[in-house]
Number of protein chains: 2
Amino acid sequence: MTSAARPGKERLSEAAVLRLSLLLRSLAHLPTDGVETVSSKALAERFGMNAAQIRKDLAHLGEFGVRGVGYRVADLRARLGSILGLDRVRVVVIVGAGHLGQALADSGNFNGESFRVAALFDVDGRKVGGRSRTGVPILHVDELPRSVAELGAEIGVVTVPAGEAPRAARALADAGVRGVLNFAPATVGPFPAATVKNVDLTLFLESLAVHLSAAG
Amino acid sequence: MTSAARPGKERLSEAAVLRLSLLLRSLAHLPTDGVETVSSKALAERFGMNAAQIRKDLAHLGEFGVRGVGYRVADLRARLGSILGLDRVRVVVIVGAGHLGQALADSGNFNGESFRVAALFDVDGRKVGGRSRTGVPILHVDELPRSVAELGAEIGVVTVPAGEAPRAARALADAGVRGVLNFAPATVGPFPAATVKNVDLTLFLESLAVHLSAAG
DNA sequence: TACTGTGAAGTGATTCACAGCG
DNA sequence: CGCTGTGAATCACTTCACAGTA
């Protein structure tokens, strides 16, 4: 799923990235009343994780815990944000201004501290020229190369029908985004210069369905 | 369904379920011109998988390959559909009639051979009583227990804001659904009688972001 | 003969258990 | 002390290699 090999540093497993993301978010839920430090054990208990794993994950990205004390919460936040690449805003564009595309464009999830949806793209003449409910402009797909460059977009999201997905993803990669998030149930990529992540919503439903039959 | 013939009593790993789902979908892309059987090697090459793993996955759910020949495509389809619980239509309800909820309710992904969205639920009086673009009725959340029973809904999808998610998920579980698909960035469950699957869209963006910083 | 089914080997990630430090 | 960081043990999953069979 990840395309470009990274020669330099030790690789962080996909699972580890997920845990760190979750951990960073969890920190927001910590009581804010004068809590300066937190131990791996406390975090593990509070958020249902394994203390050893938290320590291992954190040690992996440079020892910055304090023995006998724990981790300084502020340090932890900064460090995680930096490692996860959330320490600055990434511009996101979405190809496919259908219901899902517009829902994502307007959603708080895709417009927070670290991400901002700057444009939607579509081929439908009735949509092009308009805006989403929160004002994200809808442009023609032909504008992709120019817009991605102008906006400095780093991430492209694909919310077109499965048949169009490979073309849309390629257009994004060619336009210069470095990450592609594909919501269509289709195989796209890999591309030399862009990481692809497939999020197949149907698959999630299906993985629930198997439990329905199996359980008793 | 209670006594469904399940030769392999061992648990299928989450990863295996994913592969089998993908495999079943891949079968649809096979040339249909008189192809009766297919070998693990052929499947592996065509869809970028590992032949041994395909065999192991399939052997796990009862030996039904033919040595020297391969797998009968029709058998394979039927067997996969049955194991994955896709051999009949599951009724889905969605709590949260916002843009994402309505997008999913109307999407082809959630309304196919195996799934059908039968109702949306919300607390907003302006939405309740209306319908989505494709006609899925929007009911008040208070109707959940009655509606889930009447519709025979087995799966509930949560598309409410994070703060409301735990409440919504619990309402679904209490109403009797057996699977919950949670799109909110919040921890819900676990519940004794329902399987929970969290699909945190923010996490996907974040996992792309880490690649953006690392490369260069 | 060409393939499946599977024991064995290999790989990677998780957990344990404790040495070492503030 | 209490806690981190980490080698060792464990566990889970993947791949290999081949025996066995229609």
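A, B, ... follow the sequence lines: proteins, then strands. Residue 1 opens every chain.
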Tell me, please, which residues at least two apart from B/Glu164 pass salt bridge (charged side-chain N to carboxylate O under 4.0 Å, His left out).
B/Arg167

What string of B, S and - do you get for nucleotides 4-14 of chain C 5' to 3' if you count protein non-hydrogen atoms under 4.0 Å?
BBBBB----SS

Gap between atoms CG and P, on B/Leu12 and D/dA12 respectively (whole Å)
15 Å

The salt bridge (charged side-chain N to carboxylate O under 4.0 Å, His left out) partners of B/Glu63 (sequence neighbours excluded) come to none

Please output the side-chain donor-acceptor pairs of residues 70-85 of chain A that fall under 3.5 Å, not counting sequence neighbours, one pair per line with the distance.
| from | atom 1 | to | atom 2 | distance (Å) |
| --- | --- | --- | --- | --- |
| A/Arg77 | NH2 | A/Leu27 | O | 3.2 |
| A/Arg79 | NE | A/Leu61 | O | 3.3 |
| A/Arg79 | NH2 | A/Leu61 | O | 3.1 |

Listed by chain and number, what are the side chain to side chain contact (heavy atoms under 4.5 Å, CB included) partners of A/Ser114, not counting sequence neighbours?
A/Leu86

Those residues at least two apart in sequence (or on a different chain) that pass salt bridge (charged side-chain N to carboxylate O under 4.0 Å, His left out) with B/Lys56 are none

Please give, in whole Å, the distance from D/dG5 P to A/Leu76 CG?
11 Å

